[in-house]
Asks: 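Supplied in structure tokens, the structure appears directly below.
Read the numbers this way: they start at 1 and go in the same order the structure lists the ligands and their atoms. The analysis underlying the following values was restricted to heavy atoms, covering all of them including side chains, and did not include hydrogens, waters or symmetry mates. Quantities reported herein were computed from a predicted structural model and do not represent experimental measurements.
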Amino acid sequence: MSASVMMSEIPWNEYQRRIAEEDAIVFVPVGAVEQHGYHLPLGTDWMMATYMARRAAERVGGVVAPPVMYAARSQVRTGGGPHRCGTTSLNAETLIAMTYDVLCELGRHGARKIAVIDGHFENRFFLDEACYRAQRDLEARGVRDLRILKMLYAERISPETMEKAYAGVSFPGLDLEHGGILETAMMLYCYPDLVDVSKIPDEALPDFPPYDLFPVRPDWVPASGCLSSGKPATAEIGKLLVEEFVDLVSTAVSAEFR
Ligand code: ZN
Ligand code: MN
């Protein structure tokens, strides 16, 4: 029998056994299909969320459901915007409905401890809504002991790690981290074959006004689609970040569910 923690890689009865006998926590990674500049793949957000979920599941005893890959609309000032080629956004209603449906199905399977791991900033409140509705409606249907934990895998970064990640460069703010040092470093550590370091852009930081415009102004966003430069990123920085985030997710899930 495969020891994989990935739901898609094990048979249904093994999945059922892990929930029933091993009290498995079911992880639901949520990401985005979104441009991340010239050097990172479009799947960066869902791939990293899934990576964190897999590592945490291996540590705390869990099963990882297939990720919700498509996600909330990319915003200009945090993700480069909804207008970019390759960025494939869902309407918020669709994301809420899809996540809600998946959570209700996991509840029907018998999962009572669910961890939604978000890897895309814009998902935040829509995932809250899906989790809220799923828990509420399952409870109304008699499932009284289901709990859902939801977090951004990068919810918190220690000052020590930030200092090492931004040694010698000024921190642009997390909003501008799209395709920047953090994501580039993490991808270099986890998926080096998918990063083309020779293509990391080094453009001027965007100077966003304190508001959004509709229709969007494409000229607000640097040509590459990155909001800051990932040039200083290294796999070593990536290791620091990733291992810290795996700890963060594992500790949070253990604190609530173990
Ligand atoms: Zn991203
Ligand atoms: Mn994103």
Side-chain angles (χ1 to χ4, degrees), residues 28-54 67-92 94-96 98-99 116-128 130 150-157 162 165-166 171-192 194-197 199-201 203 205-206 208 212 216 220-222 224-233 237-238 241-242 244-246 248-249:
V28 182
V30 189
V33 177
E34 179 179 52
Q35 65 76 25
H36 279 74
Y38 305 132
H39 65 299
L40 292 175
L42 287 150
T44 294
D45 285 2
W46 71 256
M47 291 170 71
M48 286 311 309
T50 307
Y51 180 94
M52 300 298 172
R54 180 176 63 74
V68 177
M69 293 175 175
Y70 295 100
R73 202 173 311 288
S74 178
Q75 298 300 318
V76 167
R77 291 189 290 147
T78 49
H83 58 295
R84 309 282 313 208
C85 185
T87 294
T88 312
S89 309
L90 297 179
N91 287 319
T94 312
L95 175 64
I96 294 171
M98 182 166 168
T99 309
V116 175
I117 307 303
D118 186 12
H120 173 65
F121 193 72
E122 288 87 337
N123 288 337
R124 183 164 223 125
F125 298 114
F126 308 119
L127 293 184
D128 290 342
K150 189 222 81 173
M151 70 188 296
L152 196 65
Y153 70 74
E155 196 82 48
R156 201 186 287 158
I157 309 176
M162 283 301 277
Y166 290 93
F171 177 53
L174 268 191
D175 276 6
L176 296 189
E177 246 307 323
H178 181 73
I181 292 177
L182 301 187
E183 282 183 312
T184 302
M186 290 191 291
M187 288 296 284
L188 275 173
Y189 175 55
C190 299
Y191 301 101
L194 300 180
V195 185
D196 185 344
V197 289
K199 302 241 166 67
I200 300 176
E203 300 156 295
L205 288 178
F208 294 133
D212 299 302
V216 301
W220 283 6
V221 183
S224 71
C226 293
L227 300 185
S228 58
S229 177
K231 279 257 185 225
I237 295 172
L241 290 162
V242 168
E244 178 166 327
F245 294 148
V246 170
L248 186 74
V249 172

Asks: Looking only at heavy atoms, what is the nearest atom pair of Ala53 and Ile117, with distance?
Replies: CB-CG1, 4.3 Å

Asks: Tell me the protein N, O or S atoms under 2.8 Å from the Zn ion (ligand 1), in chain and number order.
Replies: His36 NE2, Asp45 OD1, Glu183 OE2

Asks: Assess whether side-chain contact (heavy atoms from CB on, under 4.5 Å) is satisfied between Val216 and Gln75, documenting all intermediate values.
Replies: CA-CA 9 Å; Val216 301; Gln75 298 300 318; over 6 Å; no

Asks: What are the protein N/O/S atoms, named by residue and atom, that sit under 2.8 Å from the Mn ion (ligand 2)?
Replies: Glu34 OE1, Asp45 OD2, His120 ND1

Asks: Where do Leu174 and Phe121 land on the side-chain contact (heavy atoms from CB on, under 4.5 Å) test, with the steps shown first?
Replies: CA-CA 10 Å; Leu174 268 191; Phe121 193 72; over 6 Å; no

Asks: Do NZ/NE/NH1/NH2 and the carboxylate oxygens of Arg77 and Asp212 come within less than 4.0 Å?
Replies: yes

Asks: Taking only Lys NZ, Arg NE, NH1 and NH2, and the carboxylate oxygens of Asp or Glu, determine whether Lys150 and Asp118 approach each other closer than 4.0 Å.
Replies: no

Asks: Under 30°, 30 to 60°, or over 60°: which ring-plane class applies to Trp220 and Phe208, parallel, tilted or perpendicular?
Replies: tilted

Asks: Under 3.5 Å, side chain of Glu177 to main-chain N/O of Leu182, donor-acceptor pair present?
Replies: yes

Asks: Regarding Thr44 and Glu183, do their side chains bring together a donor and an acceptor under 3.5 Å, going by distance alone?
Replies: no

Asks: Pro41 and side-chain contact (heavy atoms from CB on, under 4.5 Å): which partner among Gln35, Met187, His36?
Replies: Met187

